[in-house]
Amino acid sequence: MPRNDAQPTLELSLRVPIMHTERLLLRPHSMADAERWHEMQSNPQVSQYTAWPQRNRRSALRQLKRRTRQTQLHRVDDVLAVAIERDGELVGEVSLQLRSLTAMTRCLEVSWIVHPAHQGQGIGYEAMRPLLAYARAHIHALLLVAVVHPANAASVALAHKLKLHPLPGTADRTVFVGRNGPLAALP
């Protein structure tokens with residue numbers, strides 16, 4: 001009997017969409033964003049809540065190059081990295097990562113970063129809403145997960161606004177999970 005070592009995949013790949021909201025343009029990353037990307041990635045207000053150390057110019061550039069290639073979801077662990085632009089300037093990123101494809105546990109992990117100069121303005125939520133609507137239309141995910149530093153009050157608030165709920169028993173990171181159809185329409 002032939003072996004099937006092929007990794008499960010989505011029927012159709014999801015590619016980074018270009019979307020407009022009232023204030024934002026959501027688009028693929030570009031190397032033209034390098035200076036602003038470094039500014040965000042090396043900012044202590046951002047890095048204190050991330051799993052990576054504060055990035056220098058070289059490591060931020062390496063990460064941006066990676067992000068320019070993370071443009072589709074097709075297999076487990078694929079990332080869809082979406083730049084958030086406001087008034088022609090990079091102000092953040094939202095992303096989806098495909099964590100599981102099995103029918104019982106199909107799962108997407110969401111993440112977001114907003115430049116400190118633009119935090120507290122609802123940009124993360126404004127960017128996540130159309131991205132999640134796009135995912136909802138194409139991926140029948142049962143779970144939506146976000147991993148958030150518990151001291152990051154703004155991200156905790158955004159997770160709640162996205163109808164995600166904390167799982168008990170987490171330590172240095174809080175894992176939020178959507179319940180009862182997490183990809184249902186957001187308010």
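Between the side chain of Trp37 and the backbone N or O of Leu61, no donor-acceptor pair lies under 3.5 Å. Checking side-chain atoms of Ser155 against main-chain N and O of Asn152 turns up no donor-acceptor pair under 3.5 Å. Side-chain atoms of Gln119 do not come within 3.5 Å of backbone N or O of Ala154 as any donor-acceptor pair.
Side chains of Val145 and Leu167 form no contact here, defined as non-hydrogen atoms less than 4.5 Å apart. Proximity of Leu131 to Leu80: side-chain heavy atoms (C-beta onward) are separated by under 4.5 Å at one or more points. Leu64 has its side chain within reach of Met31: a pair of non-hydrogen atoms, C-beta onward, lies under 4.5 Å apart. Gln48 has its side chain out of reach of His149: every pair of non-hydrogen atoms, C-beta onward, lies at least 4.5 Å apart.
The shortest non-hydrogen separation linking Val16 to Ala81 is CG2-O, 3.5 Å. The minimum heavy-atom distance between Leu26 and Pro130, with the atom names listed, is CD1-CG, 3.7 Å. Of all non-hydrogen atoms in Pro28 and Pro17, the two that sit nearest each other are CD-O, 4.5 Å. Of all heavy-atom pairs spanning Ile113 and Met40, the tightest one is CG2-SD, 4.4 Å. Heavy-atom minimum distance, Gln41 versus Ser47: O-CB, 4.4 Å.
A distance of 9.5 Å separates CD of Glu109 from CG of Asp77, quoted to the nearest 0.5 Å. Atom CZ of Arg136 is separated from atom CZ of Arg129 by 9.5 Å, given to the nearest 0.5 angstrom. Here Leu132 contributes atom CG and Lys163 contributes atom NZ; the two are 11.5 Å apart, rounded to the nearest 0.5 Å. Interatomic distance, CG of Leu164 versus NE2 of His160, reported as 9.0 Å (0.5 Å rounding). For the atom pair OG (Ser111) and CG (Leu96), the distance works out to 8.0 Å, reported to the nearest 0.5 Å. Note that CE of Met128 is 13.0 Å distant from OG1 of Thr21, once rounded to the nearest 0.5 Å.
In this view, His74 satisfies the ring-ring contact (aromatic ring centres under 6.0 Å, His included) rule with no residue, not counting sequence neighbours. By the ring-ring contact (aromatic ring centres under 6.0 Å, His included) test, His138 pairs with Tyr134, sequence neighbours left out. Under the ring-ring contact (aromatic ring centres under 6.0 Å, His included) criterion, Trp112 pairs with no residue at all, not counting sequence neighbours.
Residues in residues 81-98 take part in these salt bridge (Lys or Arg N to Asp or Glu O under 4.0 Å) pairs, two or more places apart or across chains: Arg27-Glu85, Arg36-Glu89, Arg67-Glu93. Within the structure, every pair that satisfies the salt bridge (Lys or Arg N to Asp or Glu O under 4.0 Å) test and touches residues 52-66, not counting sequence neighbours, is listed here: Glu35-Arg57.
With hydrophobic clusters built from ILVMFWY side chains whose heavy atoms lie under 4.5 angstrom apart, Val79 does not share a cluster with Ile84. Under a hydrophobic-cluster definition in which Ile, Leu, Val, Met, Phe, Trp and Tyr are linked whenever side-chain heavy atoms come within less than 4.5 Å, directly or via other members, Ile123 and Val156 are assigned to the same cluster.
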Check: For Asp33 and Ser30, what are the C-alpha separation, side-chain angles and deciding distance, and is it a side-chain hydrogen bond (donor to acceptor under 3.5 Å, both in side chains)?
Finding: CA-CA 6 Å; Asp33 297 325; Ser30 162; 4.9 Å; no
Next item on the list: Check the pair Leu143, Leu108 against side chain to side chain contact (heavy atoms under 4.5 Å, CB included), reporting the backbone distance first and the verdict last.
Entry: CA-CA 6 Å; Leu143 297 171; Leu108 285 173; over 6 Å; no
Next item on the list: Would you check, one step at a time, whether the test side chain to side chain contact (heavy atoms under 4.5 Å, CB included) holds for Arg23 with Gln121?
Entry: CA-CA 11 Å; Arg23 302 177 295 166; Gln121 300 172 26; 4.0 Å; yes
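Using a 4.5 Å cut-off between side-chain heavy atoms of Ile, Leu, Val, Met, Phe, Trp and Tyr, Ile18 falls into a hydrophobic cluster with Leu25.
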